[in-house]
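The analysis underlying the following values was restricted to heavy atoms, covering all of them including side chains, and did not include hydrogens, waters or symmetry mates. Starting from 1, each residue takes its place in the sequence as its number.
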Amino acid sequence: MLIPLKHSIAVVIRNGDKVLSTRRPDNDDELPGIWGLPAGSLRNEETIEALIARIGRDKLGVELAPLRKLESGRQMRSQYLLEMELWEASMTGTPNHPEWRWVAIDSLQPGAAAGFLCCELAIQNTSRVS
C-alpha cells in the first residue's frame, strides 16, 4: 500500500531572541489547540517561495519573504507521511491571526512533545546553533 506524501513548510519569524508562534484552532483535525509555528502544505506546482508568501498572506495577514532553509524532517501521521522544511522568513506588517505571540524557542517544547514536527525542527535547529 502506497502512503500519501504531504510536503509542508513551517516558518521561523524572529524578533530578537523570540519567534512568532500561532495557536492551532480547537477544531484542528490533528493537533487542536497546540502552539507552534505558522505552516502550510505545498499545492500542485506551487514553489516554496509562493507557499511562504501564502502562509503570510492567508494565515497571518502579513508579507513574508524567505531568507534561508534551516532544517527538514519526516514524520508518519495517521493518514500520510509528512515531509517538512523549516524556513526562516522576514515579516512586513503585524499579524492579524486571532492567536499569535512572540515566544522563546523553549516555549515550543509542549508542541514538540505533542508531535508537532515544526516545533521539533525549530528546537533541533536551535540546539545545533548554540
Side-chain angles (χ1 to χ4, degrees):
M1 182 174 131
L2 195 58
I3 298 169
L5 178 66
K6 185 176 188 179
H7 191 123
S8 297
I9 303 291
V11 292
V12 170
I13 302 161
R14 298 183 193 280
N15 182 6
D17 62 349
K18 308 271 191 205
V19 297
L20 187 138
S21 179
T22 56
R23 184 177 180 275
R24 285 202 163 194
D26 290 327
N27 64 353
D28 186 83
D29 290 341
E30 294 179 302
L31 297 161
I34 300 290
W35 284 89
L37 300 173
S41 295
L42 284 165
R43 297 175 178 162
N44 298 331
E45 302 299 315
E46 190 173 36
T47 64
I48 288 170
E49 293 77 11
L51 172 55
I52 291 172
R54 180 166 56 84
I55 292 168
R57 183 183 62 249
D58 295 354
K59 296 195 175 190
L60 301 172
V62 298
E63 283 184 38
L64 291 183
L67 297 175
R68 63 191 173 114
K69 180 180 168 182
L70 301 173
E71 293 283 340
S72 62
R74 300 174 123 199
Q75 182 182 71
M76 274 305 303
R77 295 279 178 93
S78 60
Q79 303 293 317
Y80 58 91
L81 174 63
L82 175 63
E83 260 186 11
M84 179 172 276
E85 292 182 8
L86 181 69
W87 279 72
E88 185 172 358
S90 64
M91 178 174 74
T92 303
T94 301
N96 64 9
H97 188 281
E99 294 191 71
W100 71 276
R101 61 187 179 193
W102 296 109
V103 301
I105 289 283
D106 289 353
S107 299
L108 300 176
Q109 288 285 2
F116 214 170
L117 184 56
C118 67
C119 295
E120 290 176 33
L121 294 175
I123 291 166
Q124 187 178 77
N125 180 256
T126 301
S127 65
R128 282 203 186 124
V129 173
S130 323

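Taking CD of E71 as the start and CG of L117 as the end, the distance is 10.0 Å to the nearest 0.5 Å. If you take CZ on R74 and NE2 on H7, they are separated by 10.5 Å, rounding to the nearest 0.5 Å.
The two residues W87 and P66 make their nearest non-hydrogen contact at CE3-CB, 3.9 Å. Among all heavy-atom pairs drawn from A114 and I34, the shortest one is CB-CD1, 3.8 Å.
Residues L121 and V103 share a single hydrophobic cluster, defined by chaining ILVMFWY side chains whose heavy atoms lie under 4.5 Å apart. Following chains of ILVMFWY side-chain contacts shorter than 4.5 Å, one can reach L108 starting from M84, so the two form part of one hydrophobic cluster. A single hydrophobic cluster is seen to contain both L42 and V11, as judged by linkage of ILVMFWY side chains at heavy-atom distances under 4.5 Å, directly or through other members. L20 and L70 fall into different hydrophobic clusters, where Ile, Leu, Val, Met, Phe, Trp and Tyr are joined by side-chain heavy atoms under 4.5 Å apart, directly or via other members. Two different hydrophobic clusters hold W35 and L37 under the rule that ILVMFWY side chains link at heavy-atom gaps under 4.5 Å.
Between the side chains of R77 and Q79, not a single donor N or O lies within less than 3.5 Å of an accepting N or O.
Under the 4.5 Å side-chain criterion, counting only non-hydrogen atoms from C-beta, I105 is not in contact with D17.
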Practice prompt. List the steps and the verdict of side chain to side chain contact (heavy atoms under 4.5 Å, CB included) for R101 and R23.
Written response: CA-CA 9 Å; R101 61 187 179 193; R23 184 177 180 275; over 6 Å; no
Discussion item. What verdict does the side chain to side chain contact (heavy atoms under 4.5 Å, CB included) test give for T92 and V62, after you've listed the backbone C-alpha separation in whole Å, the side-chain angles of each residue and the deciding distance to 0.1 Å?
Written reply: CA-CA 6 Å; T92 303; V62 298; over 6 Å; no
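Side-chain atoms of E63 never come within 3.5 Å of backbone atoms of R57 as a donor-acceptor pair (strictly under, hydrogens ignored). Within the 3.5 Å criterion, the main-chain N or O of A39 finds a donor-acceptor partner in the side chain of K59.
By the 4.0 Å N-to-carboxylate-O rule, E88 lies close enough to R14 to be salt-bridged with it.
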